[in-house]
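Encoded as structure tokens, the structure appears first; notes follow it.
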Amino acid sequence: MKNLIIYIITAVIFVVTLGVGYLIADQYLGRAPEQPINFSHRIHAGDNEIPCMYCHSYAERARVSGVPNVQRCMGCHKIIKTDSPEIQKVAGYWDRKEPIPWIKVHNLPDHVVFPHKRHVKAGRKCQECHGPVETMDVVKRIAPLKMGWCLKCHGKYDVKNGRECWTCHT
Amino acid sequence: MSGILTRIKDKLKSYRVPGYRTKFDYKWTMVVDLDRCSGCEACVVACYAENNLPVVGKRDCDVSRRFSWIRIERYVEGEYPDVKVKFIPIMCQHCDTAPCEIGCPVYATYHNQDGLNVQVYNRCVGTFTCATYCTYDVRRFNWFTYKWDAPLEQQLNPDVTVREMGVMEKCTFCIQRIRVAKDTAKDEGRKVTDGDMQTACMQSCPTDAITFGDMNDPNSKVSKLAKSPRRYRLLEELDTDPSVIYLKRVMDDKKGSGNGHGSSHG
Amino acid sequence: MDNISYKEVNEDVVRTMTKTGWKYWVALILCAGLAVALWGVPWGYQIYVGQGVTGLNTPTFWGIYLANFVFWIGISHSGTLLSAILFITATPWRRSIYRSAEAITFFSVLTAAIFIFVHMGRPWNFYWTMPYFTTRQLWVNFTSPIMFDVFAISTYMTSSVIFLYFGSIPDLAAVRDRVTGWRKPVYTYLSLGWRGTDAEWHWLSKSYTFFAVFIIPLAVSVHSIVSWDFALSMVPGLNKTIFAPYFVVGAIFSGTAAIVTLMVCFRKAMKVEKYITLMHFDKLCMLLLVMSLLWSYINVVEVFSGWFANTSAENETLRYRMFLAPHSYMFWLMILTNSILPLLFIFRRLRTSIFVCVVVSIGINVGMWIERYLIVATSLPRKFLPNMWHDYIPSLLEISVTVGSFFFFAMLFLIFVKVWPSISIYEVKEDIGFPMRKGFKRH
Amino acid sequence: MKRRDFLKFIGAGGVGTGLGILFGQAIKPPGSKLIPYLIPPEDVIPGIANWYASACTQCAAGCGILVKIMDGRAKKVEGNPLHPISGGKLCVRGQAGLQSLYNPDRIPGPLRRKGARGTNSFEPISWEEALSEVTAKLKELSDKGENDKLYLLTSALSGHLGRLTDDFMAGYGSTNTINHDLFDYRNLRYANSAAMRLDAIPHYDIENTQYLLSFGADFASTWLSPVNLSRGYGEMRQGEYRERGKFVQVEPRISLTAANADEWVPAKPGSEAILALAIAKLIVDSGHYTGADASAWKALLAPFGLTYAAEATDLDKKKIRHIATEFMNTRPSLAIGGESISAYSNGVSGLVAVNILNHVAGNLGIKGGVRANDRDLFAGTRAKKVGPGIDALIRAAEAKEVGMLLHYNNNPAFTTPGTVKAAEALKNVPYIVSFSSFMDETTVLSDIILPANMSYEDWGDHFADPAPGYQVATLMQPVISPVYKTRSLGDTIMELGRGVGGAVAEKMPGGTFADHIKESWSKLYSQNKGMSASALTFERFWRDTLATGGWWPEGAYKEQKLSVTPKRVARHVSKEPAKFDGAATQYPLHLISYAQAGHLDGRGANIPWLQELPDPVTSVVWGSWVEINPKTAARLGVKMGDMVEIESPHGKIQSPVFLYQGIRPDTVAMPIGQGHTLYGRYAEKRGANPIEILPSTVDKRTGVYALNSTRVRILKTGRPGDLVKMDVSTDELGRNIVQTIAPGATGKVPPSSHH
């Protein structure tokens with residue numbers, strides 16, 4: 001009888017922790033998907049100190065920051081490091097007139113309005129949300145991108161109407 | 001001791017539910033001139049296009065599940081040949097003391113800093129309370145997850161969420177346009193002024209029956225129109241304090257309905 | 001009950017729990033199967049497809065589910081409230097029926113609570129209606145009558161369960177001492193080591209009395225709050241000051257009727273006629289009569305004041321409810337079952353006729369269900385703007401869910417009888433008196 | 001608890017968490033793709049809308065529009081606020097044009113007929129194949145020397161596309177260009193031309209008038225240029241700093257426009273012309289008219305006495321006199337004649353009568369009256385005279401005189417009376433080429449379909465007719481890339497012309513249609529001084545024009561004197577009543593078929609928004625209905641929603657009943673637009689088409705089929721109909737929902753004044 005109860009409790013603990021584990025994975029473990037091209041932010045933003053908004057040029061102006069267009073890549077890589085196999089991949093896309101199918105790392109649900117513009121104009125550093133990208137070879141999501149995380153920051157900087165639902169949701 | 005109290009207060013403030021404001025940044029108001037309104041329903045289609053309203057089909061129309069956030073109601077009185085037809089566009093009245101806001105258990109609908117009665121889709125659990133309490137029948141419910149036949153979905157407005165099943169929705173006074181206007185104004189370091197934005201219905205109205213603007217600004221067009229002696233508000237006796245102001249239709253109907261009634265707020 | 005010995009009582013009650021005929025099993029499986037088929041499966045489909053499978057429409061956002069919710073909450077008032085009132089007033093005939101009545105309370109509150117989720121658009125987010133601290137800094141709306149409901153019903157459910165459990169402890173101990181096999185450890189746990197000492201009896205009696213007193217205002221408030229779901233809106237036909245007492249009276253009325261119906265079935269099925277006698281029915285029917293008169297009075301007042309107010313909205317609702325298709329026949333059926341048929345109970349002979357009791361009590365339950373249904377289904381379709389009026393006709397799925405809920409309830413009750421002493425052993429024994437003193441007569 | 005148990009728990013917890021994380025990581029959806037531009041287009045920022053100016057082609061009014069483009073897709077159409085026709089506003093059909101563009105039932109690419117004609121069995125082919133086949137057929141016809149047997153059937157094509165098709169036809173050697181639309185105002189053009197010598201439709205200055213007397217012009221929803229006229233209507237009612245204008249509508253039923261009128265005058269169908277002339281007579285007799293030819297007018301109008309008119313129109317004498325007095329004493333006043341006065345066998349006479357009325361009241365050529373538009377709409381693009389109508393084509397087809405038919409953008413098989421049997425006639429045509437975007441009743445008859453781009457995908461221009469008193473040229477540019485494999489109609493025509501060779505090829509301009517448009521505009525620019533004044537170079541002008549949406553010399557309005565003389569109109573003024581098919585004893589009810597606000601002549605029926613848009617008057621959605629007065633319905637024993645049979649001498653259709661107080665008891669009305677047998681999933685097999693049961697009665701002067709020229713009877717079927725209407729009750733029940741105020745109480749109040 002006693003054993004039965006122990007077993008039951010063990011099973012319950014197992015199931016509950018299974019769920020907890022899933023939630024941890026879902027909410028807090030970032031992910032670093034494999035990209036079609038092994039682009040290294042460390043080399044570009046870190047070693048060569050290219051400003052973020054040189055490539056992500058819409059961040060100051062629009063809701064999205066924008067992935068650099070292939071033309072922008074080739075603007076430099078027509079000359080620089082043309083012999084590297086990864087750059088040749090980019091050149092391949094350019095020659096085929098194909099855009100590069102990058103994989104999204106940071107994704108927000110449709111009902112969230114997140115204007116990069118407002119955040120950049122308010123003086124927030126890219127790294128506050130995206131982490132030390134300039135040190136990453138493969139970009140990894142470091143923030144959970146969940147509402148509580150957003151609100152923490154809105155509270156910290158005392159954003160006007162920063163806790164209003166309709167500031168971010170449409 | 002007082003330190004702890006302040007901290008508790010602060011903590012609670014962060015939890016303070018929105019909606020206890022008496023002063024608003026803006027006081028968005030709509031004035032509908034019934035004497036101008038011809039009932040052509042251009043506003044209805046504009047709303048469909050702007051706000052991603054689904055088309056539900058004949059069967060669901062039959063059980064009154066049409067989605068238009070703004071609708072034209074008609075009232076016909078008299079017998080042939082003395083027949084009068086009257087139109088009134090009705091959209092969410094954005095009441096200041098809104099019955100729906102009282103009803104919602106989860107604050108999916110509340111009053112925001114602009115005096116708008118807003119609906120937060122992703123918070124909605126679908127208890128229907130708001131729609132039941134609404135005295136103007138302006139709330140619409142997503143009975144199903146609606147689909148658009150390809151490629152019609154390419155028309156969907158990316159600024160507006162496509163709602164999923166089980167969520168209540170209603171006229172937002174085109175809050176996405178307000179957001180754009182505020183964004184632009186903020187870039188230019190000023191407040192939104194009259195004419196910076198129009199709601200979709202106002203934009204399309206061929207007879208200029210709908211005017212939208214900020215009531216806090218005494219020089220705005222709505223502020224001026226709101227002083228008209230023709231002013232009244234819909235079902236004013238219910239004391240919901242709507243933000244939509246109607247201007248009476250000039251009409252020679254024998255009943256003379258509304259003469260002296262509801263105009264006392266001018 | 002004078003010729004019953006203590007032993008007999010014990011054995012009879014334990015027998016109801018241990019001896020199960022095949023008919024009982026069939027009934028239980030049937031109920032469970034039908035509950036799943038008529039309620040579970042359609043509900044699953046509704047969650048998958050959306051609320052569109054119901055007959056709800058734009059002005060009528062609340063339909064048969066809300067009516068069921070109120071109905072089951074009403075039924076729940078039978079037990080706990082009745083039991084508590086009768087306990088405080090030391091009414092002797094309460095003793096053999098109160099246990100089942102309290103169980104009915106619990107099960108019907110449970111059914112009612114589930115109906116809240118059935119009627120929700122996104123039931124998977126139900127926990128958002130609970131107040132808890134989250135990182136999202138979201139809170140619930142304490143001004144919402146729906147929130148009042150959440151608190152009232154959860155409090156009521158908890159108190160009812162505790163009330164039921166406290167009153168059962170000595171019986172559980174009695175059962176513990178008489179069963180074998182797997183039941184033994186279960187009832188050992190459940191009876192909390194009850195030994196029957198004087199101190200234990202003393203504290204049981206104290207706490208039981210406390211709960212009895214506590215639960216009466218609670219029960220009244222619960223149904224008042226349920227009525228406020230409607231009464232605090234502005235909708236003509238719902239916005240009525242009289243709704244709170246109306247609902248409380250209605251709840252007791254329907255609850256009592258439910259008890260009568262169930263008691264008839266129960267005593268027949270479990271062959272416990274010696275504990276639930278005609279005297280009990282006599283008293284219950286008297287209560288029904290009183291409640292019926294009260295209910296009729298409030299109904300007349302409601303209609304009269306509505307008519308007297310003579311506003312367009314109020315007139316239209318009354319007209320729609322009483323005279324127009326598609327619901328007017330229901331209204332008059334309700335008047336028949338709730339106001340006219342219970343008048344039969346003026347006669348003692350009819351009060352003690354099981355047949356009349358069954359007919360009238362089932363009639364009252366039907367009538368009370370109709371009352372709740374009409375409140376929703378004839379008010380919302382006739383709101384303020386005539387242009388948006390739209391009739392509400394429940395879809396087959398909604399009706400199926402409604403029927404299914406009765407099977408669900410029956411299933412719970414059937415299970416209850418098998419796992420819980422459904423007649424209070426110790427209180428029935430009190431009724432019998434002391435066995436060692438032959439010739440003792442109660443007055 | 002034992003230690004072993006505790007360890008068990010710890011173990012279970014650890015393993016559970018680990019597995020949970022693994023599981024969570026494993027089922028994480030693969031991130032969606034993030035596709036950048038290869039080369040970013042200019043001015044495009046993702047997520048920020050760009051607005052491009054164009055013209056609306058949902059009807060012939062030619063409103064200037066702005067199309068909202070985000071990420072390469074059209075999101076919304078709004079009026080162009082700079083444009084003088086639309087003034088930033090747009091009607092239901094204009095806004096719903098997007099669902100026409102993105103319609104799932106558009107013809108996705110060139111098709112060739114596979115099965116028998118009319119069976120809707122087509123196979124997809126390539127554009128090269130399609131073009132070469134049509135070119136070969138054109139050559140074949142030309143080789144046979146039957147060049148004049150080529151017919152072109154289009155809706156009225158405005159601007160340079162129209163000129164290109166004209167050039168094509170002229171080069172090919174055929175004069176058979178047939179312009180047809182159900183509502184193309186041929187009667188109005190003819191009447192204006194006959195009475196006032198105007199080729200272009202004048203500007204009806206509703207905005208500035210004080211008294212508007214409309215004879216069945218449903219300008220609030222469909223007539224002429226609804227957006228422009230509605231804008232005027234709004235101003236007439238509550239424009240700032242002016243007296244509120246009065247509005248009287250003469251119509252057998254309360255249309256959307258009549259619902260807005262201060263007075264509804266339900267004249268008997270077919271008697272509107274008599275009413276207009278009677279009012280004119282009262283005005284002339286009263287001495288209000290002081291022209292030299294007053295006596296001639298008196299003589300001409302003599303037969304239209306008050307007693308006669310009252311009897312013919314079924315109106316009160318007092319009412320007619322009252323209207324006449326107000327009409328002449330309120331300055332300026334304006335009479336307009338719309339569909340319901342012109343939809344009879346003598347429709348032109350009615351519209352002429354309206355012109356007479358305007359003339360004798362002194363409303364011609366004044367602010368707030370009828371103002372002439374320039375005949376020369378745009379240098380070299382004259383307003384078209386009334387050419388041959390659809391009846392000419394059908395007669396030719398019946399006589400097998402059509403060798404080949406090019407068809408674009410209209411649907412005669414749907415919009416001509418059933419008795420005409422247009423589809424049967426067109427089956428006689430050996431080879432039909434269609435440029436249509438949708439498989440409708442006419443397109444399905446074609447042998448090959450070369451779907452054209454929609455206006456949002458194509459270059460083009462539009463010259464407004466009616467214009468608001470000055471020339472308005474609207475430029476169309478492709479605002480999105482084609483949704484399907486379609487091609488610019490201009491390019492197709494040019495390619496065909498070049499392929500055929502000879503005179504046609506010479507007429508065809510070089511380059512693409514886009515080049516042609518730009519070149520034509522540069523010609524216009526150099527010809528027209530008004531254009532040059534605003535910009536220094538053509539390139540600059542072109543850029544500005546693309547941004548603003550077109551060119552219009554606002555303020556260039558020159559008041560032009562207009563007049564009607566008794567001599568000109570004498571032959572159009574007669575007491576001869578309108579002809580109705582069906583004996584009054586057998587068919588007691590008049591049938592009015594009118595343009596439904598959303599569907600116009602049926603072209604909107606495949607747009608879900610418009611199907612679900614409640615009719616502004618009846619609130620019916622997704623179907624058709626027949627309006628019957630409750631008194632008549634009670635006599636017939638039918639109630640709301642019952643299915644009835646509407647029988648004319650030429651056939652019968654079924655439709656559910658809509659009880660409507662606002663219609664004469666001797667009249668029933670049906671909307672046009674539904675009843676398509678073929679027009680995409682949203683339109684097919686829905687409602688009934690009243691045109692099916694109309695006679696082939698035409699006004700002989702113009703060849704326009706008269707829509708209101710039959711009587712019908714209503715037969716019960718005993719079945720319930722499929723009527724779905726949004727209004728449950730139209731009774732206000734004294735709830736003060738639409739509050740009103742008597743006209744005297746306000747007159748006009750400037751908005752700023754305090755109460």
Side-chain angles (χ1 to χ4, degrees), chain B residues 33-36 38-42 44-46 48-50 55 58 61-62 66 72 74-81 83 85-88 149-152 154-155 157-158 203-209 224-225 227-230 232 234 248-253 256-259 261-262 266, chain D residues 47 70 73-76 78 88-92 95-96 98-99 102 104 220-221 227 230-231 233-234 237-238 244 254 256 259-260 262 264 266 483 597 608-609 612-613 616 619 621-623 629 631 661-662 665 724 726-727 730 732 736-743 746 749 751-752 754-755:
Chain B
D33 189 339
L34 297 181
D35 202 30
R36 276 177 180 259
S38 71
C40 71
E41 298 192 329
V44 179
V45 177
Y48 267 75
E50 174 73 20
V55 168
K58 186 169 186 170
C61 278
D62 198 15
R66 220 175 118 257
I72 307 279
R74 307 134 262 277
Y75 290 100
V76 185
E77 57 188 50
E79 285 301 319
Y80 177 85
V83 184
V85 183
K86 304 192 282 189
F87 298 104
I88 180 167
D149 291 338
L152 281 176
Q154 295 193 10
Q155 181 274 329
N157 185 354
Q203 199 285 326
S204 68
C205 181
T207 55
D208 265 332
K224 287 176 183 160
L225 283 172
K227 288 173 190 146
S228 163
R230 293 192 289 129
Y232 80 99
L234 194 56
K248 288 178 194 174
R249 174 153 176 195
V250 180
M251 185 189 241
D252 202 4
D253 60 347
S257 77
N259 276 347
H261 178 93
Chain D
M70 272 173 111
R73 284 163 181 182
K75 299 298 181 187
K76 193 160 186 297
E78 291 183 358
K89 310 300 184 181
L90 212 53
C91 71
V92 287
Q95 299 188 73
L98 280 186
Q99 289 212 322
Y102 286 125
S221 63
V227 175
S230 291
R231 283 172 57 212
Y233 170 78
R237 289 304 206 183
Q238 290 293 333
R244 179 177 187 270
I254 299 190
L256 177 63
N260 289 294
D262 297 299
W264 170 51
V483 179
W609 282 344
E612 196 149 310
L613 184 76
S619 84
V621 294
W622 293 98
N629 191 294
K631 284 177 199 155
Q661 298 103 301
V724 177
M726 301 324 294
D727 290 355
T730 50
E732 213 179 341
N736 277 326
I737 294 161
V738 191
Q739 295 188 11
T740 58
I741 191 165
T746 48
V749 184
S752 55
H754 284 253
H755 180 40

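For the numbers below, each heavy atom of this structure counts, side chains included, while hydrogens, waters and symmetry mates do not. A, B, ... follow the sequence lines: proteins, then strands. Residue 1 opens every chain.
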Review point. Taking every heavy-atom pair that is under 4.5 Å apart, which of D:Gln661, D:Lys89, D:Met70, D:Gln99 has the most such pairs with chain B?
Key: D:Lys89
Exercise for review: Can you sort out the partners of B:Lys58 under salt bridge (charged side-chain N to carboxylate O under 4.0 Å, His left out), two or more places apart, ordered by chain and number?
Suggested key: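 With neighbours one apart ignored, the set is D:Asp722.
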Review point. What residues, two or more places apart in sequence or in another chain, satisfy salt bridge (charged side-chain N to carboxylate O under 4.0 Å, His left out) together with D:Glu78?
Key: B:Arg177, D:Lys76
Can you see which heavy atom on [X] is nearest to which on [Y], and at what distance?
{"X": "B:Tyr48", "Y": "D:Glu612", "answer": "OH-OE2, 3.8 Å"}
{"X": "D:Pro104", "Y": "B:Ala150", "answer": "CB-O, 3.1 Å"}
{"X": "B:Tyr232", "Y": "D:Val738", "answer": "OH-CA, 3.5 Å"}
{"X": "D:Ala259", "Y": "B:Phe87", "answer": "CB-CE1, 3.5 Å"}
{"X": "D:Val227", "Y": "B:Pro206", "answer": "O-CB, 4.2 Å"}

Review point. Are side-chain heavy atoms of D:Leu613 and B:Val44 found at a separation under 4.5 Å?
Key: yes
Check your understanding: Would you call D:Trp622 and B:Asp62 a side-chain contact if the rule is heavy atoms closer than 4.5 Å?
Key -> no
Value rounded to 0.5 Å, distance of [atom1] in [X] from [atom2] in [Y]:
{"X": "D:Thr740", "Y": "B:Lys86", "atom1": "OG1", "atom2": "NZ", "value": "5.0 Å"}
{"X": "B:Gln155", "Y": "D:Lys75", "atom1": "CD", "atom2": "NZ", "value": "7.0 Å"}
{"X": "D:Gln238", "Y": "B:Asp208", "atom1": "CD", "atom2": "CG", "value": "12.0 Å"}
{"X": "D:Arg73", "Y": "B:Asn157", "atom1": "CZ", "atom2": "CG", "value": "13.0 Å"}
{"X": "D:Leu98", "Y": "B:Gln154", "atom1": "CG", "atom2": "CD", "value": "11.0 Å"}
{"X": "D:Gln95", "Y": "B:Glu50", "atom1": "CD", "atom2": "CD", "value": "10.0 Å"}

Does any heavy atom of chain B fall under 4.5 Å from the side chain of [X], the backbone, both, or neither of them?
{"X": "D:Ala597", "value": "neither"}
{"X": "D:Ile254", "value": "side chain"}
{"X": "D:Ser221", "value": "neither"}

Point to revise | Atom group of B:Leu152 that falls short of 4.5 Å from chain D, counting heavy atoms | key: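 Looking at B:Leu152, backbone and side chain both touch chain D.
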Revision key, fill the gap. Under 4.5 Å to a heavy atom of chain D? For B:Ala209 that would be neither
Check your understanding: Run the side-chain contact (heavy atoms from CB on, under 4.5 Å) check on D:Val92 and B:Cys40 step by step: do they pass?
Key -> CA-CA 8 Å; D:Val92 287; B:Cys40 71; 5.8 Å; no
Check your understanding: Would B:Asp33 and D:Arg237 pass as an ion pair if we require N to O under 4.0 Å?
Key ->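 Between D:Arg237 and B:Asp33 there is no salt bridge, as every charged N stays at least 4.0 Å from the carboxylate O atoms.
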